[in-house]
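Predicted model, so just to flag it, every value in this text is computed and none were measured. By convention in this document, chain letters (A, B, ...) are assigned in the order of the sequence lines, proteins followed by strands, and residues within each chain are numbered from 1. Computed from heavy atoms alone, side chains included, the values below leave out hydrogens, waters and symmetry copies.
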Amino acid sequence: MEAFKLLSRGGAKFDKQRFQRDVSLFDPKSTHPENKKQSDGKTLPAELDFFKYSQNVGEKRKTSSKGKTEPKKRKLESASDDEDIQDLEESPKSAPGSSSSSTLPRQRVTTKGSNVPTRIENFGELKDRYNISSRLLDNLTQNGYIDPTGIQSYGVPILLESRDLAAISPTGTGKTLSYLLPMFAALGSPHPKTPVPGSLGVRALIIAPTRELSHQIYNECLKLAQGRKWRIVLFSKATANTLSDRDVRDKTDIIVSTPLRLVASLQSGGLELHNVRHLVLDEADRLLDSEFLSQVEEVVAACTHTSLQKAVFSATLPANAENIAMGMLRDPIRVVVGLKDTPLPLISQTLTYTADDASKLPAILTYFSHPYDPPVLVFTSTQPRASSLAGELVLNGIPNVDCLHAGMTDKERGDAIDRMRKGESWVMISTEVMARGMDFKGVRQVINYDFPTSVQSYVHRIGRTGRAGKEGKAVTFFTDQDAPFLKLIANVLLQSGSTVPDWILKLPKPSKIKRKLMGKVKRVEFINSARRIGRSDAIKKRDMIAGSKRRKEKAASLESSGAVKDDDSGDGGV
DNA sequence: AAAAAAC
């Protein structure tokens with residue numbers, strides 16, 4: 001019954017209602033500035049503009065400012081599950097003395113589920129409430145964790161009370177610690193020297209989509225493990241062999257791994273997961289998308305312990321991924337910090353028009369000819385493009401350029417990460433492999449050299465900056481080809497408080513049919529819609545058309561040289 | 001919608 005309710009609220013209707021509530025929560029702020037007109041892209045409050053995502057929302061937008069005090073009423077109208085909205089708008093009292101640079105802005109927190117445990121105000125409470133060891137708390141403070149972030153203050157008690165959890169919290173807000181701390185607390189102590197029959201084998205498992213992220217999580221584990229003989233294994237080619245040694249395997253406390261590595265070990269019979277009590281999917285939506293799903297399901301199925309606790313974490317969780325996740329969890333609690341699929345406002349975002357692919361290199365060189373804050377993280381769409389861009393930048397005299405993608409060897413990847421961590425890389429060119437979870441503290445600027453292929457990708461990529469309360473800057477190049485998805489990303493900018501030129505907002509939202517026809521139609525669509533914009537944007541329009549001409553000429557020359565394959569050939573290969 | 005990543 002419970003599960004059914006949870007599953008049934010993934011639709012658009014539910015979301016719409018939920019965001020109407022969000023608006024009323026934000027409303028108090030909008031009392032002093034007069035009316036914010038939707039037509040004015042510059043002053044529109046980001047949170048209101050979310051409604052551009054859906055139609056028929058005009059009526060309810062101006063709900064009065066009483067919302068903040070009356071979440072309970074709305075609770076009843078939306079769903080019968082408990083839903084609670086906590087406004088954590090006030091700044092933390094302990095902040096003044098501590099390092100001013102890393103004060104994370106408080107964000108609204110929404111919880112949903114039965115009997116949600118009370119949040120903690122500080123880590124010290126954990127000692128009284130859950131009898132957490134002093135050593136573990138010491139390890140926290142020694143590693144610079146002073147005050148719990150939003151997701152930590154809610155997530156830690158939930159997990160400590162053995163509940164399943166779906167946690168959605170923006171990039172750089174401390175999700176890793178939210179699951180590691182309760183995990184260590186619940187495990188209590190490392191496997192005893194003389195194993196207890198019946199409790200042999202791995203007790204906790206953390207899955208992440210990339211090796212680099214697994215490694216980073218492993219490092220975080222080591223921080224919390226200081227002073228005790230926890231056996232924590234970063235699963236890789238090398239450790240797979242040692243773990244087939246029964247003696248080692250039986251005494252392992254925590255495994256951190258990518259999915260396929262686990263599947264391989266399960267299938268070879270070298271790994272058993274029947275004693276796993278805590279399972280975490282980090283970057284859950286990525287792990288639950290089509291390429292990873294069957295692998296993850298196999299691993300989950302192998303965790304057969306009756307008191308298995310499952311938790312999923314991400315900054316983004318599209319409806320389909322959420323449905324799958326909720327189906328896996330048992331009487332789950334869902335916690336959302338801030339707005340789902342939305343970057344932190346402290347990342348200032350801009351969209352930069354580069355007519356076509358050929359114009360991107362000059363554009364990025366121009367960017368680097370101005371002062372910039374290294375390290376800069378640059379994203380490309382493919383591995384070859386990452387390598388060649390790195391090469392081009394080196395040729396053009398940009399210092400300390402680095403490259404990282406999954407086509408490189410493990411050693412090359414590791415070395416690149418090391419240089420990044422040491423601050424030796426000033427410009428890091430990479431693919432989607434770096435988009436999620438990676439925490440390079442110094443990154444102040446992200447450049448999307450190639451347009452991201454989804455809102456989720458965008459949110460995660462730019463989330464490599466603006467972490468732990470620091471400010472960040474994100475620049476996204478777009479070409480004529482990217483037009484169909486430009487508005488999608490533009491709306492994300494608006495939601496998170498960045499400004500978008502009016503002419504982009506006036507672009508039509510591409511219909512599904514149009515997208516299908518994309519190959520040939522889209523450029524024309526874009527130019528046409530550009531024509532509809534006002535005279536004030538005449539220059540941009542001209543640029544776009546010029547860019548389009550260049551592209552056409554190039555395409556023609558390519559076509560005549562036989563380099564472009566014709567998809568109308570009708571041989572049915574696709 | 002489409003590439004990347006996982007061994």
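Remark: A:Gln295 in residues 294-301 of chain A come within less than 4.0 Å of DNA chain B through at least one heavy atom.
To the nearest angstrom, P of B:dA5 lies 14 Å from CG of A:Leu213. When the C1' atom of B:dA3 is taken as reference, atom CZ of A:Phe451 falls 15 Å away, rounded to whole Å. The separation between A:Leu260 atom CG and B:dA4 atom P is 17 Å, rounded to whole Å. If you take OH of A:Tyr449 and C1' of B:dA4, they are 19 Å apart, rounded to a whole angstrom. Distance, A:Arg261 CZ to B:dA5 C1': 15 Å, rounded to whole Å. What separates CZ of A:Phe485 from P of B:dA2 is a distance of 7 Å, to the nearest Å. Following rounding to the nearest Å, A:Arg436 (CZ) and B:dA6 (P) show an atom-to-atom distance of 13 Å. Between A:Phe379 atom CZ and B:dA5 atom P there is a gap of 11 Å when expressed in whole angstrom units.
Considering only heavy atoms from C-beta on, A:Glu283 comes within 4.5 Å of A:His460 through its side chain. Counting heavy atoms from C-beta outward, A:Arg286 and A:Arg436 have side chains that approach closer than 4.5 Å.
Within the structure, a side-chain polar atom (N or O) of A:Thr431 is placed less than 4.0 Å from OP1 or OP2 of B:dA5. Between A:Thr258 and B:dC7 there is a side-chain N or O to OP1 or OP2 distance below 4.0 Å.
Among the atoms of the strands shown, only primed sugar atoms or phosphate atoms (P, OP1, OP2) are found under 4.0 Å from some heavy atom of A:Arg211. Across all strands, A:Ser457 comes closer than 4.0 Å to no nucleic acid atom at all (heavy-atom distances). A:Pro209 comes within contact range of the sugar-phosphate backbone alone, with a heavy-atom separation under 4.0 Å but no base atom that close. Residue-level contact check: A:Arg413 touches the backbone only, with heavy atoms under 4.0 Å from sugar-phosphate atoms and none from bases.
No N or O donor and acceptor, one from the side chain of A:Arg286 and one from the base of B:dA6, sit under 3.5 Å apart. Under 3.5 Å, the side chain of A:Glu291 and the base of B:dA3 form at least one donor-acceptor pair of N or O atoms.
For A:Leu293, the side chain to side chain contact (heavy atoms under 4.5 Å, CB included) partners at least two apart in sequence or on another chain are A:Leu288, A:Glu297, A:Ile324. Shown here are the side chain to side chain contact (heavy atoms under 4.5 Å, CB included) partners of A:Ser169, two or more places apart in sequence or in another chain: A:Ile151, A:Thr173, A:Lys175, A:Val337. For the ring-ring contact (aromatic ring centres under 6.0 Å, His included) test, residues two or more places apart in sequence or in another chain that qualify with A:Phe313 are A:Tyr179. Taking the side chain to side chain contact (heavy atoms under 4.5 Å, CB included) definition, one finds that A:Asp341 meets it with A:Thr316, A:Gln456, sequence neighbours left out.
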Just distance, no hydrogens or angles: give the donor-acceptor pairs under 3.5 Å from side chains in residues 438-445 of chain A, sequence neighbours left out.
unit_1	atom_1	unit_2	atom_2	d
A:Asp439	OD1	A:Arg467	NE	2.4
A:Asp439	OD2	A:Lys441	NZ	3.0
A:Arg444	NE	A:Glu471	O	3.1
A:Gln445	OE1	A:Tyr367	OH	2.2

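The A:Ala264 side chain lies nearest to B:dC7 when the options are B:dC7, B:dA3, B:dA5.
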